Amino acid sequence: MIWVIARREFGAMFLSPLAWVILAVIQTILGYMFLTNLDNFFVLQPQLIQLENSPGVTDLVITPLMQVAAIILLMVMPLLTMRSIAEEKRNRTLTLLMSSPLSMTEIVLGKFLGMMLFVIVLVSMLMLMPLSLYLGTSPDSGKLLSIYIGMLLLLGSFTAIGLYLSSLTENQTIAAISTFGVLLMLWIIDWVSASLSNGHSVLSYLSILQHHQSMLEGVFDTSDIAYYLLLILGFLVLTIRQLDRERLL
Amino acid sequence: MSDVLVQVENLSRYYQNHCAISHLSFSLKAGEVLGFLGPNGAGKSTTMQVISGNLAPSEGEVSIAGHDILEAPRAAKQQLGYLPEHPPVYRDASVDEYLKYCALLHRIPRSQLATAVDRVKQQCGLEDVGTRLIGNLSKGYQQRVGIAQAIIHNPPVIILDEPTVGLDPIQNREIRSLIRSLGDQHSVILSTHILSEVQATCDRVQIIRAGEIIYSASTKALNQGHESSCKVALRKPVNLEELLSLAGVDHAEALEAGRFRVFFAPDANPDALVEAAAQQEWGLYELIPEQQSLEDLFIELTHSEESAAK
């Protein structure tokens, strides 16, 4: 049942040009950045060779690329998640799901998985760039895997937050803007920690990109994984509760 | 197992402080078509939303084929097909895709998918538009897709909220005969404010006003058992008492010059009136039978209570 909804959700994304345009724009911009980074790497390479334990191509090309990708996607993901529930509410098609023999959990999980399929497509296309490095050199495979999983977890939490905010309103624009606001807040929340002595660790633990950074560097820490999984789970539960609550209003 | 498919008991629903329906109770037997009538805002749609599980009741219980809608929503909803006021169709999907999706949502096995889709397309007259996008179809066709969606899993209970809105007269007749034929095997609850539709399709009528059932009867009884009246026009002035003294006359009222409305007791006929008119040379020149239609009843009920409320 979850799978039926997920497939419909995934397919519906490609029925509008939005998904195609997003994939194309992101791929173009990041492709250009990838080439720039690679060029810089060639300039630096002669000096790096003389260093012992020097950073490799993964650290100098891929990690910065994915940092930029994370920030671009922070701005783009709200556009993808905004329609998920808000559009169904506006078009009154949510009634179809509500009167089908489905639990609210199945509906929400179906929606989430459908969008995650899109995220997997998106991240896999981005990963083609680092994989192309195998043609000429040997990047750090373990690090690449950590980066891949890190991106999926990061975008998964973006999706869960977007899904929840989409369930709060009928208006897609409001859903998109509020999702963007929450994501931005979660990004900059630890900026203040430089001037604060206490509370520092709490704020930087909350920061969504802080956890991503360590995964980009190839550090696979359970506390980071737990952070993302809790965030995803939390917002999915909130979404289920929100939809349940609306039947009572 | 009893043959009561829908059991609604003491159902109330509040929107904040506004009471949309209060203490509704009724039941629906297998193979019965129940018509829900009421003026706008009477609570028809709310009742249907609650029965279909889209809204939670504030008070009371709904059970469908023995499954409580709150305690066993999945089993209850499996027994139910629901067409809301606005057909819940995806404008960006084709009719075939959409119906397939609905079938899967209702747990129809993949092996029976194509047959189920073909069957409802044939029932609802959608054979020619299978590959077209729903968004490009006319309102009438979208409405048919909505009906197809509600019956695709062959549910024992079908709830249709104003199913014939936006249909042309021919489609209208087709949908009515479809509803009639559904009534043979399924139980149907139908809301509408087109009164002739109720008389044509329903076995039983419930008129609801301000969230309360104010009238409930079978349409057969409605068509037969009501007192009949005649409009009588006489050339010679006649006293009201003289009319009242005639056999079979229940009561009468004087209208404008020389005209009366005479009400007969059930199963009586105007024989005595005509006889007396001929014998006493009243100059009877008009005798028009008036049948109390559902429309009169509807207007009488909804209006009289409205003015009483004021």
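Below, chains carry the letters A, B, ... as their sequence lines are ordered, and counting in each starts from 1. None of the values given here were measured: they were computed from a predicted structure.
Both the sub-6.0 Å distance and the 45° axial angle are not jointly satisfied by A:Arg7 relative to the ring of A:Phe10.
Between chain A and the residues B:His153, B:Gln16, B:Gln49, B:His86, the most heavy-atom pairs under 4.5 angstrom are made by B:His86. Counting heavy-atom pairs closer than 4.5 Å to chain A, the top-ranked of the candidates B:Asn54, B:Leu55, B:Leu104 is B:Asn54.
Proximity to chain B is absent for every atom of A:Glu87, based on heavy atoms less than 4.5 angstrom apart. Using a 4.5 Å cut-off between heavy atoms, B:Tyr90 contacts chain A through both its backbone and its side chain. For a residue to count as touching a neighbouring chain, one of its non-hydrogen atoms must lie under 4.5 Å from one of that chain's; by this rule B:Gln79 does not touch chain A. In this structure, chain A has a heavy atom under 4.5 Å from the side chain of B:Pro84, while its backbone stays farther away. Using a 4.5 Å cut-off between heavy atoms, A:Leu15 touches chain B through its side chain atoms alone. Neither the backbone nor the side chain of B:Arg91 comes within less than 4.5 Å of any heavy atom of chain A.
Atom CG of B:Leu190 and atom OG1 of B:Thr164 lie 7.5 Å apart (nearest 0.5 Å).
Ring geometry for A:Phe14 versus A:Trp20: interplanar angle over 60°, hence perpendicular rather than tilted (30 to 60°).
Side-chain atoms of B:Arg180 come within 3.5 Å of backbone N or O of B:Thr201 as a donor-acceptor pair. Looking at B:Glu97, its side chain does come within 3.5 Å of a backbone N or O of B:Ser94 through a donor-acceptor pair.
In this structure the side chain of B:Val8 never reaches within 4.5 angstrom of the side chain of B:Thr47, judged on heavy atoms.
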